[in-house]
**Student:** 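The structure under discussion is supplied below as structure tokens; questions concerning it will follow.
Order of listing sets the numbers, starting from 1, for every ligand and every atom in it. Please read all numbers here as calculations on a predicted model, not as lab measurements. Note that these values count all heavy atoms, side chains included, but never hydrogens, waters or copies made by symmetry.
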Amino acid sequence: MASGDDGNKKLQLYSYWRSSCSHRVRIGLNFKGLEYEYKAVNVLKREQHTPEFKKLNPIGYVPVLVDGDVVLSDSFAILMYLEEKYPQHPLLPSDLKKKAINYQAANIVSSSIQPHQNLAGVKYAEEKISADECFSWVKFHIGNGFAALEELLKDYAGKYATGDDVYLADLFLAPQIYAAIKRFNLDMSKYPLLLRLHGAYSELPAFQNAMPEKQPDAPSS
Ligand SMILES: N[C@@H](CCC(=O)N[C@@H](CS)C(=O)NCC(=O)O)C(=O)O
């Protein structure tokens with residue numbers, strides 16, 4: 001694996017094992033063959049709100065990538081930065097339409113699904129409504145997004161979301177499908193294309209090594 005190209009300074013990723021946003025970036029780093037130092041941030045212990053961490057990301061979310069003097073947060077921005085700085089194994093196709101579909105699919109996940117399951121929102125909602133109602137609300141939004149993704153990708157999908165190569169959309173889809181299955185117990189029979197993609201991702205080392213349970217801060221059992 002290559003490290004960042006700024007001398008011998010290794011890239012650093014501030015991540016939480018179960019964070020789907022961190023998971024996207026882990027796949028991107030692995031896919032591009034970039035070695036990085038894993039810096040665990042336990043969001044359940046509110047480590048994302050420490051003054052130290054907030055110097056890196058004032059909004060108090062993981063992931064954060066440090067590449068020499070570049071400190072970046074937000075998985076989309078991080079992946080676009082990696083794409084330009086480390087062009088090997090491109091995350092975007094050259095075809096403009098396909099590229100736009102990748103942006104659209106990635107943003108359905110990051111703007112229209114994930115925010116509904118984010119810790120801060122879920123904790124707040126659980127105080128206002130019951131935990132069960134909150135869980136159903138989150139599942140509703142995952143299902144809504146998944147239905148849109150099935151429709152969007154049906155004319156583009158090959159082995160992966162937009163053809164036979166892995167691109168940006170796949171980096172956003174894999175963690176969201178994983179979370180839907182493992183954390184939210186979503187009935188995936190309604191989303192056959194996404195279920196098939198989930199199987200395809202599970203065969204790729206870049207995706208396997210980014211799995212939550214393989215991270216150094218994952219609980220041992
Ligand atoms: N749009 C941001 C969202 C970041 C985000 O929501 N991170 C979550 C984990 S996936 C987080 O740090 N949550 C902690 C909290 O809610 O306090 C991204 O894509 O990186």
Side-chain angles (χ1 to χ4, degrees), residues 11-32 34 36 38-67 70-84 91-92 102-128 131 134-135 137-139 141-142 145-146 149 161 167-184 186 207 210-219:
L11 297 165
Q12 294 179 321
L13 180 69
Y14 289 77
S15 166
Y16 176 61
W17 67 283
R18 216 175 59 162
S19 145
S20 63
C21 310
S22 307
H23 189 170
R24 299 166 192 159
V25 176
R26 296 195 300 255
I27 300 170
L29 288 163
N30 294 346
F31 186 63
K32 286 187 172 288
L34 295 166
Y36 63 96
Y38 191 100
K39 308 276 275 183
V41 180
N42 189 331
V43 298
L44 297 182
K45 292 190 178 156
R46 298 182 54 80
E47 288 174 2
Q48 72 278 33
H49 296 297
T50 60
E52 247 177 15
F53 185 77
K54 282 208 163 172
K55 274 189 205 146
L56 299 173
N57 186 7
I59 202 166
Y61 290 149
V62 286
V64 171
L65 180 85
V66 180
D67 184 12
V70 177
V71 179
L72 265 181
S73 54
D74 195 288
S75 58
F76 194 91
I78 294 171
L79 289 167
M80 291 298 94
Y81 168 82
L82 291 174
E83 177 68 353
E84 290 206 28
L91 297 176
L92 290 169
N102 271 274
Y103 290 142
Q104 187 178 349
N107 279 306
I108 289 176
V109 172
S110 73
S111 307
S112 305
I113 303 181
Q114 185 273 334
H116 295 285
Q117 73 192 34
N118 192 27
L119 181 68
V122 166
K123 282 186 105 178
Y124 181 82
E126 280 177 353
E127 283 170 18
K128 309 281 166 198
C134 179
F135 196 73
W137 172 246
V138 173
K139 279 177 80 166
H141 284 286
I142 299 175
F146 277 9
L149 285 162
Y167 287 124
L168 189 74
D170 300 296
L171 275 57
F172 281 72
L173 287 171
Q176 188 57 59
I177 301 169
Y178 173 96
I181 295 172
K182 297 263 184 182
R183 281 171 61 193
F184 298 102
L186 195 77
F207 286 68
M211 298 283 262
E213 58 270 19
K214 289 223 178 146
Q215 305 317 302
D217 54 337

**Student:** Less than 3.5 Å apart, N/O on ligand 1 and N/O on the protein: could you list those pairs with the distances?
**Tutor:**
| from | atom 1 | to | atom 2 | distance (Å) |
| --- | --- | --- | --- | --- |
| ligand 1 | 1 (N) | Asp74 | OD2 | 2.9 |
| ligand 1 | 6 (O) | Gln114 | NE2 | 3.2 |
| ligand 1 | 6 (O) | Asn118 | ND2 | 3.4 |
| ligand 1 | 7 (N) | Val62 | O | 2.8 |
| ligand 1 | 12 (O) | Val62 | N | 2.9 |
| ligand 1 | 13 (N) | Asn118 | OD1 | 2.9 |
| ligand 1 | 16 (O) | Asn118 | OD1 | 3.3 |
| ligand 1 | 16 (O) | Asn118 | ND2 | 3.2 |
| ligand 1 | 16 (O) | Ala120 | N | 2.9 |
| ligand 1 | 17 (O) | Gln48 | NE2 | 2.8 |
| ligand 1 | 19 (O) | Arg24 | NH1 | 3.2 |
| ligand 1 | 19 (O) | Ser75 | N | 3.3 |
| ligand 1 | 19 (O) | Ser75 | OG | 2.7 |
| ligand 1 | 20 (O) | Ser75 | N | 2.8 |

**Student:** Is a side-chain donor or acceptor of Asp170 paired with a backbone partner of Tyr167 at a separation under 3.5 angstrom?
**Tutor:**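 Side chain of Asp170 to backbone of Tyr167: a pair is present.
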**Student:** Would you list the atom pairs, donor with acceptor, under 3.5 Å between side chains in residues 104-114 and any protein atom, with sequence neighbours excluded?
**Tutor:**
| from | atom 1 | to | atom 2 | distance (Å) |
| --- | --- | --- | --- | --- |
| Asn107 | OD1 | Ser110 | OG | 3.4 |
| Asn107 | ND2 | Tyr103 | O | 3.0 |
| Ser110 | OG | Ala106 | O | 3.4 |
| Ser111 | OG | Asn107 | O | 3.3 |

**Student:** Indicate whether the side chain of Ser73 and that of Tyr61 have a donor and an acceptor atom separated by less than 3.5 Å.
**Tutor:**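 No donor-acceptor contact under 3.5 Å links the two side chains.
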**Student:** Quick one about Tyr81 and Asp67 (side-chain donor to acceptor, distance below 3.5 Å, no hydrogens or angles considered), yes or no?
**Tutor:**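 Yes.
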**Student:** Could you list the residues that satisfy ring pair (Phe, Tyr, Trp, His ring centres under 6.0 Å) with Tyr124, not counting sequence neighbours?
**Tutor:**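 Not a single residue meets the ring pair (Phe, Tyr, Trp, His ring centres under 6.0 Å) criterion with Tyr124.
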**Student:** Going by salt bridge (charged side-chain N to carboxylate O under 4.0 Å, His left out), name the pairs with one or both residues in residues 38-59, residues two or more places apart or in two chains.
**Tutor:**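 Matches after skipping sequence neighbours: Glu37-Lys39.
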